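The structure appears below as structure tokens.
One-based numbering, in listed order, for ligands and for the atoms of each. Quantities reported herein were computed from a predicted structural model and do not represent experimental measurements. Below, each value reflects all heavy atoms present in this structure, side chains not excepted, and no hydrogens, waters or symmetry copies.
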Amino acid sequence: MAPLERIAELRRELHAHNRRYYVTDNPTVSDAEFDRLLRELQVLEQQHPEVFDPNSPTQRVGGGLTKIFEQVAHRRPMLSLANTYSFDELDEFVRRAQELASNSELEWSAELKFDGVAISLWYEEGKLVRALTRGDGVQGDDVVVNVRTIPEVPLYLPEDAPSDLEVRGEIVFLNDAFERLNARRRAAGLEEFANPRNAASGTLKMQDSAEVALRRLSMFTYAAYSDQRPFASHSGALDALAAWGFPVPPREPRWSQCCANADELKDFLAYWDAQRQQLPVATDGAVLKVDRVDEQQRLGFTAKAPRWAIAYKFNAEQACTPLIDVRYQVGRTGAVTPVAVLEPVWLSGTQVQRASVHNADQIAKLDLHLGDWVWVEKGGEIIPKITAVDRARRPANAPQVIFAAQCPDCGTPLERSEGEAQHFCPNCSACPPQIKGRIEHFIHRRAMDVDGIGVETVDRLVDLGWVRTPADLYDLGASGWSRLDKFKEKSVANALASLDASRSIPYERVLFALGIRHVGETVAKKIAKAVPHMDLLAQATTEELTAVPDVGPQIAESIAGWMAQPENQRELARLKAQGLQMERAAAPEGASTVLEGKTFVVSGVFAHFSRDGIKDAVEQHGGRIASSVSSKTHFLLAGEGVGPSKRAKAEALGVHWLTEEEFRAWIGSTD
Ligand code: IVH
């Protein structure tokens with residue numbers, strides 16, 4: 001056989017083997033035979049560079065470096081999907097689609113929603129020519145050199161495929177490939193990726209495709225388009241893709257399913273809500289689509305998303321995993337929080353290895369033993385919590401967890417006051433995490449907003465013994481900052497400028513920044529209003545303080561106690577000398593009282609305000625902010641993407657829904 005013919009034959013054969021190995025999981029040759037064929041092809045290609053082909057199976061290992069990816073306009077915009085978390089909303093979505101459609105009974109297609117990076121593959125004349133990321137939805141980056149290394153992605157298509165095929169799908173890391181990648185990074189002392197999605201997106205944009213090949217991305221395809229031979233249905237498109245060798249979510253096991261109605265869709269969702277932990281890949285829900293393309297076209301699109309498809313997101317999930325250890329964290333107030341160290345486990349798309357256990361009572365209540373299999377659950381917080389222990393799986397002789405007697409950082413015996421759940425380290429002035437915590441709190445964005453100093457810098461300054469209180473930061477001065485190792489001229493300038501800017505931060509935030517126990521942002525505002533000068537506050541008795549609205553004895557005692565400490569008095573005097581605001585300024589321009597007596601809950605994203613900004617605006621006009629919807633809430637101030645639980649609660653309680661525009665008109669009306 002002529003060498004060029006043999007090259008073509010080997011390429012065809014190797015592609016078919018590749019597909020059988022990676023996509024349909026029925027290899028017909030041994031790995032050794034595959035390698036032999038691949039080497040034969042490599043040799044022939046070296047001898048015949050005139051037939052170089054970027055889509056040859058030999059190119060899967062990557063190689064070339066790409067400086068910048070070409071930006072290319074999408075043939076069809078890449079949109080996102082509307083989300084829902086509730087079956088009620090799903091029913092409503094199905095009902096509306098049914099109403100708008102002409103067909104008497106819509107058919108549906110349900111499939112897993114893969115949590116990765118969207119990609120659009122272009123095939124021309126049966127060859128992969130481009131792979132575009134979503135970018136801004138209108139144009140994306142062509143990362144085809146990296147996508148070619150993904151073994152599931154066909155580089156050539158069979159002859160019966162249309163010559164203008166566009167295939168969309170999700171590039172992901174399978175859990176085991178992700179773990180291997182992170183293990184490699186750990187061993188190399190590199191930072192690990194937080195989750196498979198971040199890893200996939202970082203990997204896809206790498207300049208070295210050989211490294212991409214090594215990391216082993218995967219892909220699942222979920223849509224196809226062709227102008228020449230349009231598809232009549234979504235399920236038909238997926239079947240065709242499967243026949244052409246694409247990795248589509250299979251019907252068996254049930255990764256995708258045709259459904260006749262909302263009940264069948266919900267059955268699919270309920271199944272995966274319970275089973276998704278067993279999947280080898282991260283999913284964040286399922287996508288439900290109207291199956292027939294003519295019906296899809298009839299339903300059309302909103303500005304952002306199709307009206308014929310919706311993403312159903314699963315709620316917080318639980319997992320069971322062994323407890324390895326309990327460690328203790330000391331906060332800025334000296335409060336000691338136990339943290340459970342767990343055997344890593346997958347939970348809502350992230351790997352979890354720590355969970356909070358609140359306090360000693362919680363440890364006793366759960367009757368925690370080291371080695372116990374514990375149930376962890378993600379609530380609203382980032383750190384999951386332990387909700388239960390599987391007693392039946394407790395190993396023999398497992399030692400009981402006994403709460404620490406001494407501070408893990410400074411060794412001081414811990415204290416616990418009568419009636420309090422928390423243990424405290426009483427060594428306020430010298431315990432390092434307390435010192436660091438107080439300073440970090442002081443410079444925080446919501447407090448003094450000293451953004452020119454980072455947490456690592458605070459750690460270094462405290463470890464060096466140069467800084468023990470916030471006033472020390474100001475006293476360091478240019479000469480002090482420049483003595484700090486690796487702190488260049490620009491960093492010094494940034495630190496000094498942001499400290500300088502903090503001198504005009506209002507009194508109420510200075511009060512909050514001091515970190516007095518029980519004086520959060522809201523309490524600080526109330527106190528600043530009632531006691532508008534720091535000197536007055538320093539002399540206020542607990543009786544006077546409890547007269548302030550919403551200030552009870554606990555807060556009053558905490559403030560009076562703090563003010564009575566000579567070192568705190570000295571600190572206040574030093575901060576005052578540095579020019580910090582120690583009294584309340586006149587009301588800001590444009591303020592009013594139009595919202596007085598009204599309570600607002602803010603949710604979603606706003607066009608004209610940041611989340612904090614809109615809360616400030618409510619307060620500037622006399623309104624009150626609450627964090628959760630209750631019968632006392634007057635308005636749900638709703639932006640884009642209101643949280644589902646807030647929305648449901650507001651509806652149940654009949655709380656008024658206020659849009660951003662209505663709100664702006666309301667406060668604007670007093671200008
Ligand atoms: S269909 C018009 N199906 O989710 C959009 N998307 O939130 C049609 N995704 O951009 C998308 N798995 O990146 C579809 N089975 C699936 C999916 C899926 C993951 C991603 C995709 C999309 C995003 C929308």
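The protein residues lying under 4.0 angstrom from ligand 1, judged by non-hydrogen atoms, are Leu79, Leu81, Glu111, Leu112, Lys113, Phe114, Ala118, Arg134, Glu170, Tyr222, Val287, Lys289, Pro306.
No hydrogens or angles considered: a donor-acceptor pair under 3.5 Å links the side chains of Trp122 and Ser120. For the residue pair Asn146 / Ser209, no side-chain donor-acceptor distance below 3.5 Å is found, with atom types taken as modelled. Thr24 and Asn26 share a side-chain donor-acceptor pair at under 3.5 Å.
For His15, the ring-ring contact (aromatic ring centres under 6.0 Å, His included) partners two or more places apart in sequence, or in a different chain, are Tyr156.
Residues Trp272 and Thr283 form no side-chain contact, since every pair of their non-hydrogen atoms from C-beta on lies 4.5 Å or further apart.
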Any chance you could lay out the salt bridge (charged side-chain N to carboxylate O under 4.0 Å, His left out) test for Glu111 and Arg251, step after step, and finish with the verdict? CA-CA 9 Å; Glu111 75 214 29; Arg251 300 222 174 90; over 6 Å; no
